[in-house]
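Reading through the structure tokens given below for one structure.
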Amino acid sequence: MEHNLVTSADRADYLVDLSNIVRERSIGGPGLRSLPRLDLVVAALVRLTGDPDVRVYLIADASLLGGSREFTDQTDVGRLRRWVADGLVEEVPDADDRVLEIAGMTRVPVITGDRYDAYRTEHTWIQGNTSQFLKPTPGPGGTVTLVPLDMGVRTPAQISRREELAALKKQGLLGPDRTPLIEVLTRAWRCPERRCSLYDIHSGDRVLLPRMHRGVPTCQQHRVPLRDDGPRPATAQLKVVINGTCVARYTLDEDSVTPVGRYPDPGIALISLLDPEAAATVSREHVVVSLQQGLVLLRDVSSYGSRMRTVDKRGRLGPWEQLPPQVDRRFHPGDEVELAPSVILTRSGRIFPAELPEDWRAGVPQTPVPPGAAAPTMSV
């Protein structure tokens with residue numbers, strides 16, 4: 001099989017997301033990681049193309065070898081290290097992004113079981129793609145069959161959720177069941193180095209996620225444990241979408257009560273964003289959005305009325321319903337409120353730390369923070 005491997009992407013007939021294939025437990029027998037799964041995939045590719053010399057280019061996360069103890073056969077580890085040393089595997093921090101970068105430029109087909117939901121904002125060509133991805137599936141007699149993978153179309157809320165999980169995974173902030181380490185994420189953190197403000201929630205809008213190192217939140221720059229700086233204040237983001245285009249974003253803070261309308265004082269004034277026809281049907285104060293104890297509530301206070309539709313767990317929007325006046329309603333990420341025809345107020349799809357406990361409340365195992373360790377803050 002090694003004669004099918006090439007050292008340059010521009011010589012490849014197919015790209016292989018090696019980390020995904022090695023971890024694909026539906027093929028190649030039991031075990032968390034197994035390199036013979038690649039042998040089965042290449043054999044399937046030879047059958048599919050009828051070319052015994054079909055050329056493949058392998059791309060892997062650096063973390064693949066970092067988990068060497070999870071390989072079923074330790075000889076796989078030596079084989080894989082030799083391939084990396086010989087240039088037969090491109091080892092990068094984020095294999096998904098590299099695979100998509102090459103595939104987007106060259107249109108070379110990709111063999112993977114990943115749908116790359118977290119990368120669809122940057123790599124928009126994935127949406128609806130039915131021709132460039134092949135998924136390995138179990139075949140007769142322990143073989144593998146490669147079938148076209150329909151990437152489908154993801155909603156902004158679905159993409160945002162996957163982007164969030166990818167960011168958490170990168171920093172080691174997902175537990176064994178791919179659930180966020182809530183006890184870490186809902187705390188604010190501070191680096192003991194006096195001039196370091198990477199995690200200080202008071203230093204600006206951009207606050208880094210901590211990196212977990214041996215179970216302890218750690219400063220990425222100074223490699224020291226972070227200090228717990230108390231509960232993380234809640235934050236939420238509103239978007240104004242007019243005629244299908246996001247024209248403005250606004251950030252809300254904990255304990256805020258914010259009127260939104262044509263020209264509230266104080267509040268979020270939309271007058272500069274509206275054409276005369278829309279402005280005529282948006283009240284001076286149309287809705288009031290409040291953020292209390294991590295929950296975002298919305299109340300219709302308008303003269304003209306508002307409609308709302310909510311998203312389900314899969315990011316799908318339900319039907320429009322008229323909002324009862326002067327009644328608080330939960331306003332979840334991805335929900336939409338129509339203030340006037342084609343004038344939509346929505347929440348960013350991102351789940352901020354204060355909302356994580358409720359969002360993952362269905363039996364989420366929480367990992368306690370070690371005594372004396374500090375906890376990090378999400379990037380907003």
Side-chain angles (χ1 to χ4, degrees), residues 117-118 120-122 154-168 171 173 180 182 185-188 199-209 231-261 264 266-270 272-274 282 285-300 306 308-313 315 317 328-339 343-360 376-380:
D117 289 352
R120 295 188 182 215
T121 299
E122 180 179 357
R154 300 292 181 261
T155 66
Q158 288 173 314
I159 294 172
S160 184
R161 165 56 63 88
R162 297 299 301 182
E163 289 174 340
E164 176 187 79
L165 289 177
L168 296 177
Q171 298 302 100
L173 291 167
I182 292 170
L185 290 167
T186 53
R187 307 295 294 179
Y199 308 93
D200 184 358
I201 60 174
H202 307 292
S203 65
D205 291 336
R206 296 294 299 177
V207 180
L208 290 184
L209 287 165
R232 164 82 171 175
T235 306
Q237 185 181 82
L238 299 180
K239 299 193 296 184
V240 178
V241 179
I242 297 180
N243 294 322
T245 300
C246 179
V247 296
R249 296 172 184 261
Y250 304 94
T251 299
L252 307 180
D253 296 320
E254 179 69 75
D255 296 326
S256 62
V257 178
T258 308
V260 182
I268 295 175
L270 306 180
S272 64
L273 306 174
L274 304 175
V282 174
E285 287 190 8
H286 202 101
V287 295
V288 174
V289 184
S290 58
L291 178 52
Q292 306 291 330
Q293 297 181 338
L295 302 182
V296 181
L297 303 175
L298 181 138
R299 182 191 315 148
D300 178 77
S306 308
M308 185 177 189
R309 58 180 180 176
T310 60
V311 293
D312 62 18
K313 286 294 185 181
L317 284 163
D328 283 332
R329 288 283 300 271
R330 281 295 308 275
F331 195 20
H332 296 92
D335 289 352
E336 295 185 351
V337 176
E338 184 185 62
L339 309 184
V343 179
I344 303 296
L345 184 68
T346 185
R347 283 197 57 194
S348 164
R350 177 168 292 282
I351 304 291
F352 288 88
E355 293 180 293
L356 281 168
E358 179 179 349
D359 197 59
W360 294 87
T377 307
M378 282 196 68
S379 174
V380 299

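Quick note: numbers below take in every heavy atom, side chains included, and nothing from hydrogens, waters or symmetry partners. Given the structure is predicted, the values throughout are model-derived calculations rather than measurements. One is the number of the first residue; the rest follow in order along the sequence.
With contacts defined as side-chain heavy-atom distances shorter than 4.5 Å, the pair Leu297/Leu291 does not qualify. Side-chain atoms of Leu274 and Val343, non-hydrogen and from C-beta on, do get closer than 4.5 Å to each other. Looking at Val260 and Leu270, their side chains come closer than 4.5 Å, going by heavy atoms from C-beta outward. Between Val289 and Leu252 there is a side-chain heavy-atom pair separated by less than 4.5 Å.
Taking all atoms of both residues into account, the shortest heavy-atom contact from Pro264 to Ala269 is CD-CA, 3.7 Å. Pairing each heavy atom of Val296 with each of Ala236, the nearest pair is CG2-CB, 3.7 Å.
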Next item on the list: Report the C-alpha distance between Val288 and Leu298 in whole Å, list the side-chain angles of each, state the deciding distance to 0.1 Å, and finish with yes or no for side chain to side chain contact (heavy atoms under 4.5 Å, CB included).
Entry: CA-CA 6 Å; Val288 174; Leu298 181 138; over 6 Å; no
Check: Would Ile242 and Leu273 count as a side chain to side chain contact (heavy atoms under 4.5 Å, CB included) if you check the C-alpha gap in whole Å, the side-chain angles of each, and the deciding distance to 0.1 Å?
Finding: CA-CA 8 Å; Ile242 297 180; Leu273 306 174; 3.8 Å; yes
Next item on the list: Let me see the working for Thr258 and Ile268 under side chain to side chain contact (heavy atoms under 4.5 Å, CB included), right down to the final yes or no.
Entry: CA-CA 7 Å; Thr258 308; Ile268 295 175; 3.7 Å; yes
Notebook entry, point to check: Where do Thr310 and Leu317 land on the side chain to side chain contact (heavy atoms under 4.5 Å, CB included) test, with the steps shown first?
Noted result: CA-CA 6 Å; Thr310 60; Leu317 284 163; over 6 Å; no
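Partners of Asp328 according to the salt bridge (Lys or Arg N to Asp or Glu O under 4.0 Å) rule, which considers only residues two or more places apart in sequence or in another chain, are Arg299. Asp117 is linked by a salt bridge (Lys or Arg N to Asp or Glu O under 4.0 Å) to Arg120, Arg154, counting only residues two or more places apart in sequence or in another chain. With sequence neighbours excluded, the residues that form a side chain to side chain donor-acceptor pair (under 3.5 Å) with Ser306 are His286, Asp300. Partners of Asp253 by side chain to side chain donor-acceptor pair (under 3.5 Å), not counting sequence neighbours: none found. In this view, Glu336 and Arg309 satisfy the side chain to side chain donor-acceptor pair (under 3.5 Å) rule, not counting sequence neighbours. With sequence neighbours left out, Glu338 forms a salt bridge (Lys or Arg N to Asp or Glu O under 4.0 Å) with Arg307. With sequence neighbours excluded, the residues forming a side chain to side chain donor-acceptor pair (under 3.5 Å) with Thr121 are Glu163, listed by chain and number. Not counting sequence neighbours, the partners of Gln292 by the side chain to side chain contact (heavy atoms under 4.5 Å, CB included) test are Asp255, Val257, Ser290.
Listed for the Asp335 side chain is no donor-acceptor partner under 3.5 Å among the backbone atoms of Met308. A donor-acceptor contact shorter than 3.5 Å links the side chain of Arg347 to the backbone of Phe331. Side-chain N or O atoms of Thr251 include none that pairs as donor or acceptor with a backbone N or O of Gln237 at under 3.5 Å.
Note that CG of Leu295 is 8.0 Å distant from NE2 of His332, once rounded to the nearest 0.5 Å.
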